[in-house]
Amino acid sequence: LKLWPGLLAAYRDRLPINEQTPLVSLQEGNTPLIFAESISRELGLEIHLKYEGLNPTGSFKDRGMVLAVAKAVEAGSETIICASTGNTSASAAAYAARMGLRCLVLIPDGKIALGKLAQAMMYGAEVVAIRGNFDQALALVREIAEESSQVTLVNSVNPYRIEGQKTAAFEVIDQLGGAPDYLAIPVGNAGNITAYWKGFYESRERGDIDRLPKMIGFEAEGAAAIVRGEPIADPETVATAIRIGHPASWQGAVNAARDSGGVIDSVTDEEILAAYKMLARQEGVFCEPASAAGLAGVIKRLKQGRIEPGSRIVCVLTGNGLKDAHIALSVCDSEFPVIDADMAAVRNQIWSHRR
Ligand code: F0G
């Protein structure tokens, strides 16, 4: 079994790395691309799931964070800061712990999944909740980072985040043996779709692929600023990870969609939760609600006749379902019974109540 060296070592020649850059690693990247057998059969498509929930902190953020933190250390910074709907803060906190940095985190109060908060706290970040949303938190940390040269901002406005995250596209190409017809992805702050597009584009320049995928990104309807064409002051969605009303990489998302012949579209909370359940029930793949926006969007556009039958599609599942157990339990149809610890009761329960 070959040991995976982590993203920085594996893609050294395609990342902004030099002799002074520390090769930080929690063995991020190298995530599975899982063929969705049942859903593909049902929809008449060929769907593969890029399961980013298996990164060290359970989301795709680790790909960008490992490089952002390595470059912060290289520059002599001792403090990193971010605003987050949860995953960025979990990832920043982990790599800060690994490298002995101070980590400051601003989160929207009451609007992040408990598992993500637990991660940031456990890794030792200094967490501050604001009475406001992600967009306000991001504006505040941007200003702090501008004020102080000691503090490095590690949100995806930091270009190293995008550089690190583009490696997911390299992996998809390797795993699929080429580019898919479509790359379906949730859109929040719009950094990830920007990063995938850069990764595919660079791969074509290198001659690894000869055609590019259509990039189809999906915002939650209550937070669909790009689709509506204007920022949303009070974004709302069950998918708290993408509860963002003023995406920082807005233009990157628009460019990816336009230049690839794709689209930025939106999906409702109902469509997101249906896809979320479908992935768990039919494929055995548990992602977080926001992560299901890509599949939800594929289903929506297939029904509209905008996706050709038989298309080969990669859906990016950005985060692990375990981060938000509360939401998972709330979408399950029934409560589980509590019964006496005896055979008669168990027999009665399992044979007479078969679902
Ligand atoms: N999916 C998950 C699970 C996320 O956590 C995020 C973003 C996205 C999708 C959207 O990615 O912002 O690059 O368009 N989460 C950020 C955070 C905002 O703070 O963790 P994007």
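Here the structure is a predicted model, which means the values were calculated and not measured. Index from 1, following the sequence. Ligands are counted one by one from 1 in listed order, and the atoms in each one are counted from 1 as well.
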among protein heavy atoms, the one nearest atom 11 (O) of ligand 1 is F60 CZ, 3.5 Å
So if I count the atoms of ligand 1 from 1 in the order they appear, which ones are less than 4.0 Å from some heavy atom of S84? 17 (C), 19 (O), 20 (O)
Ligand 1 versus A190, non-hydrogen atoms closer than 4.0 Å: side chain, backbone, both, neither? backbone
Numbered atoms of ligand 1 (with element) below 4.0 Å of T85, judged on heavy atoms: 15 (N), 16 (C), 17 (C), 18 (C), 19 (O), 20 (O)
If you measure from atom 6 (C) of ligand 1 to every heavy atom of K61, K116, R243, K323, which option wins on shortest distance? K61
When you measure from atom 5 (O) of ligand 1 to every protein heavy atom, which one gives the shortest distance, and what is it? N87 ND2, 2.8 Å
Within the 4.0 Å heavy-atom cut-off, what I193 brings close to ligand 1 is neither
Is the closest N or O pair between T88 and ligand 1 shorter than 3.5 Å? yes
Who's closest to atom 1 (N) of ligand 1 heavy-atom-wise, of N192, I162, V187, T318? T318
When the ring planes of F35 and H48 are compared, do they come out parallel, tilted or perpendicular, using 30° and 60° as the limits? tilted
Quick one: ring-ring contact (aromatic ring centres under 6.0 Å, His included) partners of H246, sequence neighbours excluded? none
Got Y95 and V24 here, is their nearest side-chain heavy-atom distance under 4.5 Å? yes
For residues 110-117, dump all side-chain donor-acceptor pairs below 3.5 Å to protein atoms at least two apart in sequence or in another chain.
residue : atom : partner : partner atom : Å
K116    : NZ   : E288    : OE1          : 2.7

Are K323 and N87 linked by a side-chain donor-acceptor pair shorter than 3.5 Å? yes
Under 3.5 Å: donor-acceptor pair, side chain of N155, backbone of A83: yes
Check if I244 has a non-hydrogen atom at a distance under 4.0 Å from any atom of ligand 1. yes
Please state which option from G188, A241, P247, G86 has its nearest heavy atom closest to atom 10 (C) of ligand 1. G188
If I apply the N/O under 3.5 Å rule, does G191 come out as touching ligand 1? yes
Between S266 and E221, do the side chains contain an N or O donor and an N or O acceptor separated by less than 3.5 Å? no
Looking only at heavy atoms, is any part of T194 under 4.0 Å from ligand 1, and if so is it the side chain, the backbone, or both, or is it neither? neither
Do Y51 and E283 get their side chains close enough for a donor-acceptor pair, meaning under 3.5 Å? no
Please tell me whether R161 and S91 have a donor and an acceptor in their side chains that are separated by less than 3.5 angstrom. no
When D265 is tested against each of K300, K214, R228 for salt bridge (Lys or Arg N to Asp or Glu O under 4.0 Å), which residue passes? K300
Ligand 1 atoms nearer than 4.0 angstrom to some heavy atom of E288 are 3 (C)
Shortest protein heavy-atom distance from atom 8 (C) of ligand 1, along with the residue and atom involved: I242 CG2, 3.6 Å
Based purely on interatomic distance, does A290 place a nitrogen or oxygen under 3.5 Å from a nitrogen or oxygen of ligand 1? no
Would you say the side-chain atoms of N55 and E28 include a donor-acceptor pair closer than 3.5 Å? no
Quick test: of every protein heavy atom, which one is nearest to atom 12 (O) of ligand 1, and how far off is it to 0.1 Å? N189 N, 2.7 Å
